[in-house]
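Remarks on the structure that follows.
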Amino acid sequence: HRIFNVILAALKKERRWEDIREVLDEMGAVGGRCAPDRATLVIAMSAYADCARPREARVLLDAMGSMGFGRDRRAYTSMVKAYVNAGQTGAAVQFVSEMESVGLSADLHLWTLLVSMYGRAGALVDAELALEQMRASGYPPNVIAYGALLNGCSRAGNAQEARRVFEDMRARGVTPDQRCFRSLMLAYAREGLSAEVERVWAEMLTTGLSPNRAMYTVLLRAYCKANRIREAKAAYSTMLREGHSCD
RNA sequence: CCUCGAGUGGC
């Protein structure tokens, strides 16, 4: 089954969800040492999640459940992610309560996914609530969870809140990475506050992080939105000089 | 790390 699992992992990487069923059927048909195991379920579920196929994921989860492999948090988290990626936020939330009713509580990864789900949906209040519930459940939010919340602040167009969250994160000893800085800058850029973006940029440099193309894209956006074309051109030149190609 | 789960940019 390890060989089949490697094949499934490759299909996941290539987003070929339509071929997954065939591999699973083959494993079942050969049986014995080739029969699906717990890892098979986890890999296939995450593949369906990445491909936004909640229907196929649900069928697989139920089938594996009757084979005794069902109670795996990772499989459940992938189920939620499948709903999220398919845009079915309501179904995702409902599934989480189903999960809790069978005795599987949310862990670090599921909480992080929920924060990002609400953030992506622009439901900033719910995202912040999820972050606090996460903390209260014994999972102190890490840089990834904070990054998801910052992304939510940015999408909600709330730069002030993004700054508050950013400072809260630091006060709790979580060191912001490039993505956190990028989300904070993007929040300011969306409001056309190019001077604030420059300030964050400078802050980022003092922490030793080096700007990448994603950050230059945000900086350019801020300058363009503020009609600071001269600065935009200068930043673009600097970007190329530092070896970041244009995409 | 050793087959497997979390935040990824513009509109």
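For the numbers below, each heavy atom of this structure counts, side chains included, while hydrogens, waters and symmetry mates do not.
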task = Would you kindly give the CG-to-C1' distance between A:Asn85 and B:rG5, to the nearest whole Å?
result = 13 Å
task = For A:Arg120 and A:Thr89, test the side chains for any donor-to-acceptor distance below 3.5 angstrom and give the result as yes or no.
result = no
inquiry  = Does A:Leu186 reach a base, just sugar-phosphate, or nothing at all? Heavy atoms under 4.0 Å.
reply    = sugar-phosphate
message = Check the phosphate of B:rU3 against A:Arg38, side-chain N and O only, distance under 4.0 Å to OP1 or OP2. Yes or no?
response = no
note = To the nearest angstrom, the CG-C1' distance between A:Leu184 and B:rG7 comes to 15 Å
key: Interatomic distance, A:Met45 CE vs B:rA6 P [rounded to whole Å]   = 13 Å
ask   = For the ring pair A:Trp201 and A:Tyr188, is the centre-to-centre distance below 6.0 Å?
value = no
key: Distance-only donor-acceptor test, A:Asp72 side-chain atoms vs B:rG5 base atoms, 3.5 Å   = no
task = Using a heavy-atom cut-off of under 4.0 Å over every strand shown, decide if A:Arg120 touches base, sugar-phosphate, or nothing.
result = sugar-phosphate
ask   = Does A:Arg163 pair with A:Glu191 as a salt bridge, N-O distance under 4.0 Å?
value = no
message = Counting only heavy atoms not in A:Glu242 (residues, nucleotides, ligands), do more than 12 fall under 6.0 Å from its CD?
response = yes
note = Taken to the nearest whole Å, CE/A:Met185 to P/B:rG10 is 11 Å
